[in-house]
Amino acid sequence: MLRKINIAVLVSGGGTNLQALIDAQGSVITSGKITLVVSNNKDAYALERAKKANIETAIVLRKELGDKFEDKLIETLKEHNIELIVLAGFMSILSEKFTKTFEGRIINVHPSLIPSFCGKGFYGLKVHEEALKYGVKVTGATVHFVNEIPDGGKIIMQKAVEIQDGDIPEILQKRVMEQAEWIILPKSTEKVCKELLKKD
Ligand code: GAR
């Protein structure tokens, strides 16, 4: 059997991006396999999605672990021989210690065209609220490598989405997910897995 990259998906909420990754396995994603889903929120619906797909789950809580949170995260990922970490709606900023441990092996999906509407404080619905407030006519999503600067790593893929008259943040968020995030996240994951396999 062909060797596949061991992927962990880190989540915090609904997990529609995780679902897009699960659904892309065997079609868009052929060079990697999701072997672990880690949540920093025990009530995340994403955990149910993982269980339905028979993917092992782990819960790592910052409020229980305090400054040992990242150590536990690193330990869990290493125990599972994870080679690529996909942040899919993971609402916790990771320190340089974490990003250096997995350098070149962490990617994130962000719901805007970076460098617009990104960085500390820009996450989830807030990103779309700010885009509408500014009055931009085009937004989109970005998948990028993760380094110590929030949303600051090298861009892997972007896709633009048009803003329509009368948009509200919730409607725009859904359009950006459907037309951009759920497409470029699986494609980027496959691209990075392929590149990692070349390093074998
Ligand atoms: C997605 O829109 C994702 O891009 C965003 O949170 C949402 C999670 O939805 N992530 C960020 O804002 C990170 N800065 P999901 O749980 O349904 O995938």
Side-chain angles (χ1 to χ4, degrees), residues 7-25 28-29 34 36-53 55 57-60 62 73 85-95 98-99 106-134 136 138-163 167-189 192:
I7 305 170
V9 184
L10 271 52
V11 297
S12 301
T16 64
N17 278 289
L18 168 66
Q19 192 65 52
L21 290 165
I22 292 171
D23 295 345
Q25 291 197 113
V28 175
I29 302 175
I34 306 168
L36 181 68
V37 169
V38 185
S39 176
N40 64 347
N41 165 16
K42 65 177 173 38
D43 299 319
Y45 183 67
L47 289 167
E48 300 304 316
R49 297 181 190 270
K51 283 173 197 157
K52 277 187 200 146
I55 300 167
T57 58
I59 298 170
V60 181
R62 202 185 272 276
L73 209 51
I85 298 160
V86 180
L87 307 184
F90 186 65
M91 302 302 181
S92 184
I93 290 180
L94 296 162
S95 76
F98 186 93
T99 59
I106 315 170
I107 68 172
N108 176 50
V109 61
H110 182 77
S112 77
L113 294 174
I114 290 175
S116 289
F117 311 112
C118 64
K120 204 164 180 277
F122 284 91
Y123 57 85
L125 210 53
K126 171 88 177 153
V127 178
H128 305 292
E129 282 166 11
E130 292 300 319
L132 290 175
K133 213 186 277 173
Y134 197 97
V136 291
V138 176
T139 185
T142 304
V143 179
H144 61 93
F145 283 105
V146 174
N147 63 12
E148 68 283 3
I149 303 157
D151 300 322
K154 192 168 177 272
I155 290 173
I156 303 165
M157 265 181 217
Q158 290 188 302
K159 195 165 187 290
V161 174
E162 278 188 20
I163 289 179
D167 266 351
I168 58 168
E170 290 79 0
I171 289 178
L172 182 58
Q173 179 181 50
K174 187 152 186 281
R175 189 179 313 121
V176 169
M177 284 175 160
E178 283 172 354
Q179 295 184 8
E181 296 185 49
W182 300 342
I183 299 163
I184 63 171
L185 186 58
K187 279 190 184 169
S188 303
T189 300
V192 176

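In each ligand, atom 1 is the first atom listed, and ligand 1 is the first ligand listed. We're numbering straight along the sequence, starting at 1.
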Nearest non-hydrogen atom to atom 8 (C) of ligand 1 belongs to which of Pro111, Ala141, Gly89? Gly89
Test of understanding: given a 4.0 Å heavy-atom threshold, classify the contact between Phe90 and ligand 1 as side chain, backbone, both, or neither. neither
Among all protein heavy atoms, pick the one closest to atom 16 (O) of ligand 1 and tell me residue, atom and distance. Gly15 N, 2.8 Å
Gap between atom CD1 of Ile34 and atom OG1 of Thr189 - 0.5 Å precision: 8.0 Å
Nearest-neighbour protein heavy atom for atom 6 (O) of ligand 1, which is reported as residue plus atom name and distance: Met91 CE, 3.2 Å
Within less than 4.0 angstrom of ligand 1, does Gly124 place any heavy atom? yes
Would you call Ile85 and Leu87 a side-chain contact if the rule is heavy atoms closer than 4.5 Å? yes
Is there at least one pair of N or O atoms, one from Val127 and one from ligand 1, spaced under 3.5 Å apart? no
Verdict with supporting geometry, Thr99 and Asn147, side-chain hydrogen bond (donor to acceptor under 3.5 Å, both in side chains): CA-CA 5 Å; Thr99 59; Asn147 63 12; over 6 Å; no
Compute the shortest N/O to N/O distance between Asn17 and ligand 1 and return yes if it is under 3.5 Å, no if not. yes
Say you draw a straight line from CG of Asn17 to CG of Leu185; how long is it, rounded to the nearest 0.5 Å? 5.5 Å
Heavy-atom count around Glu162 CD within 6.0 Å, excluding the residue itself: above 12? no
Is there a side-chain contact between Leu125 and Gln173 (heavy atoms, below 4.5 Å)? yes
Whether over 12 other heavy atoms sit under 6.0 Å from Lys159 NZ: yes
Would you find more than 12 non-hydrogen atoms of other residues, nucleotides or ligands less than 6.0 Å from Phe98 atom CZ? yes
Counting each atom of ligand 1 from 1 as listed, which ones have a heavy atom of Phe122 under 4.0 Å away? 14 (N)
Is Gln19 close enough to touch ligand 1? Criterion: a residue heavy atom under 4.0 Å from a ligand atom. no
Name the option, out of Lys126, Lys174, Glu181, Arg49, that contains the heavy atom nearest to atom 1 (C) of ligand 1. Glu181
For Met177, the ligand 1 atoms with a heavy-atom partner under 4.0 Å come out as 1 (C), 2 (O), 9 (O), 17 (O)
Between His110 and ligand 1, is there a nitrogen or oxygen pair with a distance under 3.5 Å? yes
Between Lys126 and Glu129, does any NZ, NE, NH1 or NH2 come within less than 4.0 Å of an OD or OE carboxylate oxygen? no
Any N or O on Asn108 sitting closer than 3.5 Å to an N or O of ligand 1? no
